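This report refers to the structure that appears directly beneath it.
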Amino acid sequence: GRSGLEEIYNCKLTGKDGEDLVEVDAFGNKVRVLGRKEPIPGRDVKTNIYVGLQNRISELMKDKKGVVVVTDAEGAILSLFSSPSYDPNIFVEKNDLISEILNDDKLPLFNRAISGSFHPGSIYKPIVAISALEEGKIEADFTFEDKGQIIIESPYGTFTYNNWYFTQLGGVEGKIGLKRALARSTDTFFYKVGELTGVDNLKLWSVRFGLDSLSGIDLPGEIQGLIPSPAWKLSVKGERWFLGNTYHMSIGQGDIALTPIAINTAISAIGNNGKLCTPHIADAEEGSGNLQFTIYNFQCRELRIKKENIELVKKGMVAACSAGGTGYTFFDFKEKHGGIDVACKTGTAEVGDGSLDTHAWFVAFAPADKPEIIVTVLVERGGEGSKIAGPIAREIFNYWFDR
């Protein structure tokens with residue numbers, strides 16, 4: 001196998017050749033067999049991919065650049081889609097499309113799910129909330145009064161940090177707690193929470209959630225995310241770390257950059273009550289009944305997050321997908337799907353290249369208390385997460401829970 005699953009599992013798929021040790025005479029004629037090593041047949045590799053779901057996502061992502069990751073709560077990948085995609089058969093058939101694929105500026109051969117690094121925007125806020133709660137920097141009843149913006153006076157000048165609601169509509173949230181802040185994705189709330197928590201603790205918990213390391217997915221080509229720190233900024237940029245850097249980081253902007261597979265894994269850890277699980281395409285079990293045995297070593301590890309902190313963040317994410325939250329495409333989901341609560345977070349991340357483009361993000365899991373699926377949708381330079389990525393996520397959840 002030269003790439004993908006075939007590269008990772010080549011030894012299991014191929015098996016081992018057998019050998020005969022044969023005595024021959026001077027003319028090369030076989031005299032007798034002196035020894036034999038029996039061949040070992042290759043094993044099948046069964047994937048966790050749901051073909052129908054993968055095909056539906058392919059339809060939803062047509063003509064878009066982006067990623068969809070769908071896993072269960074234990075890390076099994078039910079769908080992994082990087083768009084634009086391509087038909088691998090063209091390389092076997094060696095037709096004229098090979099040159100077209102290789103020269104396509106949309107990079108169809110680039111697996112954005114594991115090799116793409118993107119500013120996460122507000123989908124990072126649940127991690128900020130967990131960091132603040134676990135470090136005791138805020139309590140469950142912590143409140144903040146949103147006035148639309150925070151103004152910082154410093155020796156270097158006056159700096160203003162706005163909430164999206166104030167920037168777009170001139171509105172303010174007033175006095176709010178964590179649940180409401182997650183539901184409304186209130187930037188000013190998270191600026192202040194990030195300030196109270198501190199960049200070192202944000203870094204600490206981001207590392208614990210695996211956001212700066214390889215997830216361990218069974219595919220080649222995965223890259224690590226970037227969680228900035230004062231030491232990193234001084235070393236790479238030759239600049240000091242300022243409060244504004246912490247503000248930006250607290251809403252998933254600035255220098256922080258993550259892979260879609262890593263953020264899906266981190267959000268899964270919130271969904272399954274604090275277990276960080278290795279994402280994997282291959283099924284961990286082979287055989288059936290009494291003959292079933294484990295051939296892959298995919299693991300989950302406890303992050304040791306307090307149950308009450310997980311539950312509070314989950315409530316905020318459920319509120320985000322309920323009336324008044326930012327995930328408006330899910331407002332009627334519970335009513336239409338037998339009372340199933342969806343927990344979600346929208347994200348609209350500035351690209352940071354001087355343009356006004358934004359990445360559209362949407363992360364969600366359901367049922368909120370015991371998730372069957374965790375979904376991450378990214379539409380690269382797509383616009384607002386709620387408007388662009390949200391409807392795609394809703395169609396995925398419709399497909400899954402209508403089965």
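Keep in mind the model is a prediction, meaning the values are calculated, not measured.
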Subject >> Stepwise ring-ring contact (aromatic ring centres under 6.0 Å, His included) check, Phe397 with His337 >> reply: CA-CA 10 Å; Phe397 277 77; His337 291 83; 9.1 Å; no

Subject >> Check: Phe362 ring centre within less than 6.0 Å of Phe330 ring centre >> reply: yes

**OP:** Could you walk me through whether Phe190 and Tyr247 pass ring-ring contact (aromatic ring centres under 6.0 Å, His included), step by step?
**Re:** CA-CA 8 Å; Phe190 284 95; Tyr247 280 4; over 10 Å; no

Subject >> Residues Glu302, Lys275; criterion salt bridge (Lys or Arg N to Asp or Glu O under 4.0 Å); working and verdict >> reply: CA-CA 5 Å; Glu302 290 286 347; Lys275 289 190 301 181; 5.5 Å; no

Subject >> Distance (rounded to the nearest 0.5 Å) between Ile267 CD1 and Met317 CE >> reply: 4.5 Å

Subject >> N/O donor-acceptor pair under 3.5 Å between His119 side chain and Ala349 backbone >> reply: no

Original post:
Does a side-chain N-to-carboxylate-O contact under 4.0 Å join Glu145 and Lys175?
Top reply: no

Original post:
Does Arg394 count as lying over the ring of Phe333, i.e. NZ or CZ under 6.0 Å from the six-ring centre, within 45 degrees of the axis?
Top reply: no

Subject >> Donor-acceptor pair, side chain of Asn163 and main chain of Thr186, under 3.5 angstrom >> reply: no

Original post:
Under 4.0 Å between a Lys/Arg side-chain N and an Asp/Glu carboxylate O for Arg36 and Glu19?
Top reply: no

Original post:
Distance-only, no hydrogens or angles: does the Tyr191 side chain make a donor-acceptor pair with backbone N or O of Asn162 under 3.5 Å?
Top reply: yes

**OP:** Verify the distance criterion only: is there a donor paired with an acceptor across the side chains of Thr358 and Thr348 at less than 3.5 Å?
**Re:** no

Subject >> Lys37 bridged to Asp20 by N-O distance under 4.0 Å >> reply: no

**OP:** Without swapping roles, check the side chain of Ser83 against the backbone of Lys64 for a donor-acceptor pair under 3.5 Å.
**Re:** yes

Original post:
Do you see a donor-acceptor pair shorter than 3.5 Å between the side chains of Thr188 and Gln149?
Top reply: no

Original post:
Do the side chain of Lys345 and the main chain of Ala320 share a donor and acceptor less than 3.5 angstrom apart?
Top reply: no

**OP:** Give a yes or no answer on whether the side chain of Gln54 reaches the backbone of Leu80 with a donor-acceptor pair at less than 3.5 Å.
**Re:** yes

**OP:** Determine whether Ile373 and Asp72 make a side-chain contact, defined as any pair of heavy atoms from C-beta on separated by less than 4.5 Å.
**Re:** no

**OP:** Applying side chain to side chain contact (heavy atoms under 4.5 Å, CB included) between Ile281 and each of Ile8, Val45, Leu78, Asp218, report the one that passes.
**Re:** Asp218

Original post:
Hey, are Asp402 and Lys336 close enough for a salt bridge, meaning a charged N less than 4.0 Å from a carboxylate O?
Top reply: no

Subject >> Heavy-atom donor-acceptor pair, Ser268 side chain to Asn264 backbone, under 3.5 Å >> reply: yes

Original post:
Are any side-chain N or O atoms of Asn245 and backbone N or O atoms of Phe242, one a donor and one an acceptor, separated by less than 3.5 Å?
Top reply: yes

Original post:
Which is it for Lys12 and Asp44 under the salt bridge (Lys or Arg N to Asp or Glu O under 4.0 Å) test, yes or no, and what are the steps along the way?
Top reply: CA-CA 8 Å; Lys12 289 183 173 65; Asp44 290 339; over 6 Å; no

Original post:
Nearest 0.5 Å, what's the CZ-NZ distance between Phe110 and Lys65?
Top reply: 9.5 Å

Original post:
Taking everything shown except Arg403 itself, do over 12 heavy atoms lie less than 6.0 Å from its CZ?
Top reply: yes

Original post:
Would you call Glu195 and Lys192 a salt bridge, using N to O less than 4.0 angstrom?
Top reply: yes

Original post:
About how many Å separate CD1 of Ile98 and CD1 of Ile90, when rounded to the nearest 0.5 Å?
Top reply: 5.5 Å

**OP:** State whether Arg180 and Glu173 are salt-bridged, where the test is any N-O pair (Lys NZ or Arg NE/NH1/NH2 against Asp/Glu carboxylate O) under 4.0 Å.
**Re:** yes

**OP:** Kindly assign one of parallel, tilted or perpendicular to the pair Phe144 and Phe189, based on the angle between their ring planes and the thresholds 30° and 60°.
**Re:** perpendicular

